[in-house]
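Only one structure is covered here, and it is reproduced in the block below.
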Amino acid sequence: MAERLQKLIAQAGMASRRQAETWIEQGRVAVNGRVASLGDKADPGRDVVEVDGKQILRGEKKMTILLNKPRGYISTLSDPQGRRLVTDLVKDIPERLYPVGRLDFNTEGLLLLTNDGELSLRLTHPRHHVSKTYLVKVRGVLSAPMAGNLSRGVVIDGYKTAPAKVEHIRTSGTSCWFELTIKEGKNRQVRKMCESIGLSVVRLKRIRIDFLDLGDLPVGKYRFLSEPEVQRLKQ
């Protein structure tokens, strides 16, 4: 049965439907050797669909892994600076996996990688408000008024962040640790939120996405999500 190209590309785990539409508009998608247009359809059982000259495959086994990302790795598929990639840590997996969102180069912790486009979109689209919890270490002391500001939302990059949750504050010498839960995913958001109240982040680790946590997973290692876990995330 013929389906829209952006849907086929998303099902192949290559990108979200919105990103796939951009690729089509850019002329990067072809059907049976002909450059496609937005609105075109294809039958995956009969037609040859290519993105940048590479045929996409339906029926690839869907899989999602939970990686405990170390610091010093970048959450992209390539890097012009030659830095280490998170995909270097999963080279033993034959399927091509894509990071779900990003963690900064110096941020560690829970990162999902998948070839399930539907799941990736579900977790990254702002309308779904998926919670993400970080363990934050800052230089200085997080006072009660500062924590209140974070909880109510602070202004960064010209917009006010959504309400957040601040928990388990503990001070150690000249530093302070706390957990911060947000439901947004702006670029370097946690670091910028802390900077807005005068605190500098010295360590940042994502410890939870929705109901998933790191558990006792060692740094640099990964585990496969079960089908019930994937379905729960999609709900």
Side-chain angles (χ1 to χ4, degrees), residues 1-67 69 73-105 111-130 184-188 209-210 222 224-227 229-235:
M1 183 177 69
E3 296 181 286
R4 290 190 180 274
L5 294 176
Q6 57 265 42
K7 181 177 180 180
L8 295 178
I9 293 171
Q11 289 176 336
M14 298 187 68
S16 67
R17 292 194 189 189
R18 182 175 299 177
Q19 181 63 59
E21 290 174 355
T22 299
W23 289 352
I24 295 169
E25 292 172 338
Q26 293 172 341
R28 296 171 58 184
V29 181
V31 179
N32 300 327
R34 179 183 62 81
V35 176
S37 300
L38 198 60
D40 285 356
K41 296 182 178 181
D43 183 341
R46 181 184 63 192
D47 299 317
V48 176
V49 180
E50 297 173 314
V51 177
D52 294 334
K54 181 180 178 181
Q55 184 174 348
I56 67 171
L57 301 176
R58 291 291 310 275
E60 181 182 36
K61 180 182 178 182
K62 294 290 189 295
M63 65 172 55
T64 302
I65 64 170
L66 187 159
L67 171 71
K69 174 191 174 297
Y73 282 79
I74 189 167
S75 303
T76 58
L77 300 181
S78 62
D79 181 53
Q81 300 179 40
R83 292 173 294 182
R84 294 177 295 182
L85 310 174
V86 292
T87 49
D88 294 338
L89 299 168
V90 296
K91 284 184 175 180
D92 56 324
I93 298 178
E95 283 77 10
R96 185 172 171 83
L97 303 178
Y98 303 80
V100 180
R102 294 185 181 184
L103 285 181
D104 294 340
F105 183 72
L111 179 68
L112 298 178
L113 292 92
T114 188
N115 58 0
D116 187 333
E118 178 188 352
L119 176 63
S120 181
L121 181 61
R122 169 68 179 79
L123 294 175
T124 56
H125 198 288
R127 73 169 177 265
H128 295 304
H129 306 295
V130 178
E184 300 170 293
K186 304 290 186 180
N187 181 41
R188 301 183 74 250
I209 295 179
D210 198 2
Y222 66 84
F224 291 92
L225 294 194
S226 66
E227 185 59 28
E229 286 176 322
V230 171
Q231 293 306 315
R232 185 174 171 185
L233 287 174
K234 288 183 177 180
Q235 293 172 5

I'd like to check [X] versus [Y] (side-chain heavy atoms, cut-off strictly below 4.5 Å). Are they in contact?
| X | Y | result |
| --- | --- | --- |
| E229 | L66 | no |
| S75 | L111 | yes |
| V230 | T114 | no |
| R18 | H125 | yes |
| Q6 | I24 | yes |
| R96 | N115 | no |
| T76 | L85 | yes |
| T22 | Q19 | yes |

- Query: Which heavy-atom pair separates I74 from F105 by the least distance, and what is that distance?
  - Reply: N-CD1, 4.2 Å
- Query: Between P99 and L113, what is the shortest heavy-atom contact and its length?
  - Reply: CA-CG, 4.0 Å
- With L5 as reference, evaluate V49, D47, L38 under the side-chain contact (heavy atoms from CB on, under 4.5 Å) test and give the passing residue.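 The option that passes is V49.
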- Where at least one partner belongs to residues 80-94, residue pairs that pass side-chain hydrogen bond (donor to acceptor under 3.5 Å, both in side chains), sequence neighbours excluded: D79-R83, D92-Y222
- Message: Checking side-chain polar atoms at under 3.5 Å, does E227 have a donor or acceptor matched by the opposite partner on Q231?
- Response: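 E227 vs Q231: donor-acceptor pair found between side chains.
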- Query: With a cut-off of 6.0 Å (strictly less than), are more than 12 heavy atoms of other residues, nucleotides or ligands near CZ of R102?
  - Reply: no
- Query: So with a 6.0 Å cut-off around NZ of K234, is the heavy-atom count from everything else above 12?
  - Reply: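 Correct, the count exceeds 12.
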- Message: For E50, give me all partners under salt bridge (charged side-chain N to carboxylate O under 4.0 Å, His left out), at least two apart in sequence or on another chain.
- Response: none
- Message: Rounded to the nearest 0.5 Å, what separates atom CG in L89 from atom CG in L67?
- Response: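 Reported value, rounded in 0.5 Å steps: 5.5 Å.
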- Item | Residue pairs, two or more places apart or on separate chains, that pass salt bridge (charged side-chain N to carboxylate O under 4.0 Å, His left out) and touch residues 31-42 | R34-D40
